[in-house]
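To start, the structure itself, in structure tokens.
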Number of protein chains: 6
Amino acid sequence: MTISARNRVSGKVVSLTLGNVMAEVIVEVANGHRIVAAITRRSVYEMGIKEGDEVTAVIKSTDVMIEK
Amino acid sequence: MTISARNRVSGKVVSLTLGNVMAEVIVEVANGHRIVAAITRRSVYEMGIKEGDEVTAVIKSTDVMIEK
Amino acid sequence: MTISARNRVSGKVVSLTLGNVMAEVIVEVANGHRIVAAITRRSVYEMGIKEGDEVTAVIKSTDVMIEK
Amino acid sequence: MTISARNRVSGKVVSLTLGNVMAEVIVEVANGHRIVAAITRRSVYEMGIKEGDEVTAVIKSTDVMIEK
Amino acid sequence: MTISARNRVSGKVVSLTLGNVMAEVIVEVANGHRIVAAITRRSVYEMGIKEGDEVTAVIKSTDVMIEK
Amino acid sequence: MTISARNRVSGKVVSLTLGNVMAEVIVEVANGHRIVAAITRRSVYEMGIKEGDEVTAVIKSTDVMIEK
């Protein structure tokens with residue numbers, strides 16, 4: 001199975017902050033670079049996401065902006 | 001000036017495809033990794049984006065998903 | 001592998017329209033209901049999406065609005 | 001009045017979770033299928049959304065991904 | 001009927017550009033300020049949007065960024 | 001530096017609500033009109049956003065809907 005959102009960056013969860021509804025997941029990828037994801041707390045719970053997990057950050061192309 | 005969308009990855013524009021309304025910008029970042037952005041053709045024109053440009057891909061945290 | 005975008009609806013591709021950059025994929029789900037996805041033409045090509053394919057429409061919860 | 005976000009699915013609110021800023025609204029649609037929306041707590045308050053309400057989940061086509 | 005996306009700005013359509021899949025709608029609001037919307041061509045057709053129309057631009061709060 | 005998200009509206013922060021993960025920033029722009037942004041609490045902290053600040057709300061065109 002593949003998904004049409006083709007931007008994918010793999011790394012390790014280095015921080016997890018839970019709110020009532022949302023959760024912040026920080027993923028450390030290559031070169032110490034960090035990606036911040038704001039997903040629902042429900043997804044964190046259902047997927048069992050925890051610090052140290054190997055995960056992939058996925059982003060739809062229409063959500064990427066360009067700065068120059 | 002900084003923007004609240006804090007996910008930022010710098011690289012070079014290696015491909016630019018123009019439609020009537022949208023444009024696809026492919027940015028090669030570290031390790032040969034590529035990020036695809038779908039922005040308006042208008043932004044490409046107004047910012048003068050072209051192949052070879054050094055740019056930064058910017059993504060809002062609420063638009064990042066986690067796969068595990 | 002699961003993705004944090006947990007809204008998922010399965011169905012069949014009943015229409016595919018290609019632009020230079022974007023593509024419109026219409027998926028017929030249960031009860032004849034239709035879901036319209038605007039994804040990049042590149043994803044359609046790389047995934048080999050065509051009419052008649054069984055696919056799943058996936059949506060991040062932060063992208064769902066409520067009307068009442 | 002109609003809105004350009006044409007993906008619409010009607011159902012009943014079966015769960016409502018409030019955070020300080022965000023709220024999670026779960027809508028049960030046909031076939032027991034559930035759609036999760038993460039909207040602001042402010043919208044829940046201003047619209048008076050509560051469990052049992054008949055509502056419509058609305059999604060912009062550019063926010064729909066395809067998995068195959 | 002109200003929608004949870006509460007950012008609303010009314011104005012007049014001053015430009016409409018059609019692609020195969022997407023359409024760009026430019027709305028002139030108060031003070032000559034312009035808002036650009038990229039929606040599907042299908043929505044433009046189904047809603048009969050044309051230059052001169054009085055419309056409202058609607059934006060979900062999770063899609064608004066802050067620059068400072 | 002400019003960003004491809006070209007919808008920009010300047011104003012003053014008149015309200016700031018913090019959750020564990022997300023924050024709601026309300027910006028009063030021209031004519032007393034208000035724009036609501038849901039961004040991460042982390043961005044509010046890192047940018048030092050506070051009531052009274054002059055800021056700009058920024059929105060990507062693909063996130064703007066049209067109501068008619």
Side-chain angles (χ1 to χ4, degrees), chain D, chain F:
Chain D
M1 298 285 254
T2 39
I3 194 160
S4 58
R6 307 309 285 275
N7 291 303
R8 304 172 60 83
V9 195
S10 295
K12 182 181 294 198
V13 176
V14 293
S15 167
L16 188 59
T17 306
L18 298 178
N20 272 5
V21 170
M22 299 295 287
E24 182 193 64
V25 183
I26 302 185
V27 180
E28 189 168 292
V29 296
N31 309 326
H33 202 83
R34 285 168 178 225
I35 293 180
V36 182
I39 64 176
T40 58
R41 180 187 179 127
R42 181 175 301 271
S43 288
V44 168
Y45 174 76
E46 290 179 0
M47 296 170 68
I49 296 171
K50 58 186 186 306
E51 289 187 21
D53 278 359
E54 296 291 336
V55 299
T56 302
V58 180
I59 300 141
K60 194 174 190 304
S61 300
T62 42
D63 289 327
V64 181
M65 296 165 280
I66 298 291
E67 189 183 84
K68 180 190 159 184
Chain F
M1 298 283 254
T2 40
I3 194 160
S4 58
R6 307 311 286 275
N7 291 302
R8 305 172 61 83
V9 195
S10 296
K12 183 180 293 197
V13 176
V14 291
S15 167
L16 187 59
T17 306
L18 300 177
N20 272 4
V21 170
M22 299 296 287
E24 182 193 65
V25 183
I26 302 185
V27 180
E28 188 167 291
V29 297
N31 309 327
H33 202 82
R34 288 170 175 222
I35 293 180
V36 182
I39 63 177
T40 58
R41 180 188 179 127
R42 179 175 303 270
S43 289
V44 168
Y45 175 75
E46 290 180 359
M47 296 171 68
I49 296 171
K50 59 188 185 307
E51 290 187 20
D53 279 358
E54 296 291 335
V55 300
T56 301
V58 180
I59 301 140
K60 194 175 191 302
S61 300
T62 43
D63 289 327
V64 180
M65 296 166 281
I66 298 292
E67 189 183 84
K68 180 192 159 186

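Just one of D:I35, D:V13, D:V25, D:V9 meets the side-chain contact (heavy atoms from CB on, under 4.5 Å) condition when paired with D:V55; it is D:V13.
At a 4.5 Å heavy-atom cutoff, the contact between F:I26 and chain D is made by side-chain atoms alone. Contacts of D:T62 with chain F are made by side-chain atoms alone, with heavy-atom separations under 4.5 Å and no backbone atom involved. Contacts of D:M1 with chain F are made by both backbone and side-chain atoms, with heavy-atom separations under 4.5 Å.
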side-chain contact (heavy atoms from CB on, under 4.5 Å) between D:T40 and D:M22, worked out: CA-CA 4 Å; D:T40 58; D:M22 299 295 287; 4.3 Å; yes

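Residues D:S10 and D:T56 come closest through the heavy atom pair OG-OG1, 3.1 Å.
No side-chain donor-acceptor contact under 3.5 Å links F:R41 to the backbone of F:N20.
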